[in-house]
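I have placed the structure first, in the form of structure tokens, so that the comments after it can refer back to it.
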Amino acid sequence: MTSFRDKVIEIVRNIPRGKVLTYSEVADMAGNLKAARVVGNIMSKNTNKDIPCHRVIKSDMKVGSYNGILGKSKLDILKEEKVLFDNQGKVIRLS
DNA sequence: CAGATGACGATCA
DNA sequence: CTGATCGCCATCT
């Protein structure tokens, strides 16, 4: 059966390069708006490099945490993906 | 099955 | 803006 976890995995896996989604957005798409925390919990235990878990940020637009499976900090990876940041370390979306 | 956990979120100081 | 507190919920042990 498709657990909440599986949906989250699939959603995150489909995030295109250079784009980011918030934990609450992913949680919402997976079926539970209030489960943003669960999304993070799942990502933290996921070690599959096939999943761009670094493209998931907080609803505040701050990067949040990262397990470092790719050997780089989340912030650096996003910068490599051409994602823009302001002086407060927040992500700037190009609408 | 029950309790603990945490890559979060909103609110208050 | 920064930091602390409380609330939320699927997973893990």
Side-chain angles (χ1 to χ4, degrees):
Chain A
M1 64 164 270
T2 58
S3 61
F4 186 82
R5 180 170 137 305
D6 292 319
K7 292 181 185 174
V8 171
I9 300 275
E10 189 166 317
I11 291 169
V12 175
R13 176 182 283 159
N14 283 304
I15 301 177
R17 179 180 175 285
K19 182 172 181 179
V20 297
L21 285 182
T22 67
Y23 291 100
S24 56
E25 280 175 322
V26 175
D28 184 36
M29 289 185 260
N32 192 331
L33 179 58
K34 297 178 182 176
R37 207 168 175 177
V38 178
V39 175
N41 200 328
I42 293 167
M43 306 319 285
S44 67
K45 285 164 184 168
N46 172 63
T47 54
N48 190 339
K49 302 186 196 67
D50 198 46
I51 297 173
C53 33
H54 55 270
R55 293 181 197 160
V56 185
I57 63 175
K58 306 215 323 177
S59 59
D60 290 35
M61 291 298 130
K62 292 177 187 174
V63 288
S65 188
Y66 184 56
N67 209 327
I69 64 178
L70 294 181
K72 294 181 178 182
S73 75
K74 199 168 171 182
L75 181 64
D76 286 336
I77 298 173
L78 290 176
K79 283 183 177 177
E80 291 297 318
E81 307 249 332
K82 307 305 181 193
V83 176
L84 301 179
F85 294 85
D86 66 3
N87 292 311
Q88 297 170 71
K90 291 194 201 168
V91 174
I92 300 174
R93 278 174 165 178
L94 308 171
S95 63

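Reminder, nothing fancy here: chain letters follow the sequence lines and each chain counts from 1. What you see is a predicted model; the values in this text were computed from it and never measured.
Straight-line distance from the CD1 atom of A/Ile57 to the C1' atom of B/dG9: 14 Å, rounded to whole Å. Atom CG of A/Asp60 is separated from atom P of B/dA7 by 16 Å (rounded to the nearest Å). If you take CG of A/Asn46 and C1' of B/dG6, they are 15 Å apart, rounded to a whole angstrom.
Tracing side-chain contacts under 4.5 Å through hydrophobic residues (I, L, V, M, F, W, Y), one never reaches A/Leu78 starting from A/Val12; they form parts of separate clusters. Under a hydrophobic clustering in which Ile, Leu, Val, Met, Phe, Trp and Tyr are joined whenever their side-chain heavy atoms come within less than 4.5 Å, directly or via other members, A/Val38 and A/Ile15 fall into the same cluster. A continuous path of hydrophobic side-chain contacts links A/Phe85 to A/Ile57 [ILVMFWY only; heavy atoms under 4.5 Å]. In the hydrophobic clustering of this structure, A/Met43 groups with A/Leu21; members are Ile, Leu, Val, Met, Phe, Trp, Tyr whose side-chain heavy atoms approach within less than 4.5 Å, directly or through other members.
Residue A/Ile42 comes nearest to A/Phe4 through the heavy atom pair CD1-CD2, 4.3 Å, listed as atom of the first residue, atom of the second, then distance. When all heavy atoms are compared, the tightest approach of A/Ala27 to A/Ala35 is CB-C, 3.7 Å.
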Q) Do A/Asn48 and A/Ile9 pass the side chain to side chain contact (heavy atoms under 4.5 Å, CB included) test, and can you show the C-alpha distance, the side-chain angles, and the key distance before you say yes or no? A) CA-CA 10 Å; A/Asn48 190 339; A/Ile9 300 275; over 6 Å; no
Q: Applying side chain to side chain contact (heavy atoms under 4.5 Å, CB included), run through A/Val39 and A/Met29 and close with a yes or a no.
A: CA-CA 11 Å; A/Val39 175; A/Met29 289 185 260; over 6 Å; no
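For A/Ala36, counting side-chain heavy atoms from C-beta on, the closest listed nucleotide (B/dC8, C/dT2, B/dA7) is B/dC8.
Side chain of A/Lys74 to main chain of A/Ser65: a donor-acceptor pair is present (N/O by atom type, distance under 3.5 Å, no hydrogens or angles). Between the A/Asp86 side chain and the A/Gly89 main chain, a donor and an acceptor come within less than 3.5 Å of each other.
Among the heavy atoms of the strands lying under 4.0 Å from A/Ser59 are primed sugar atoms or P, OP1, OP2 only; no base atom is included. In this structure, A/Lys7 reaches neither bases nor backbone, as no heavy-atom distance under 4.0 Å exists between it and the strands shown.
Listed by residue number, the members of residues 12-23 of chain A with any heavy atom below 4.0 angstrom from DNA chain B are A/Tyr23. Residues from residues 66-75 of chain A placing a heavy atom under 4.0 Å of any atom in DNA chain B, listed by number, are A/Tyr66, A/Lys74.
Using a 4.5 Å cut-off on side-chain heavy atoms (C-beta onward), A/Asp60 and A/Lys90 make no contact.
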Q) Base, backbone or nothing for each nucleotide of nucleotides 3-13 of chain C, written B, S, -, heavy atoms under 4.0 angstrom, 5' to 3'? A) ----BBBSSS-
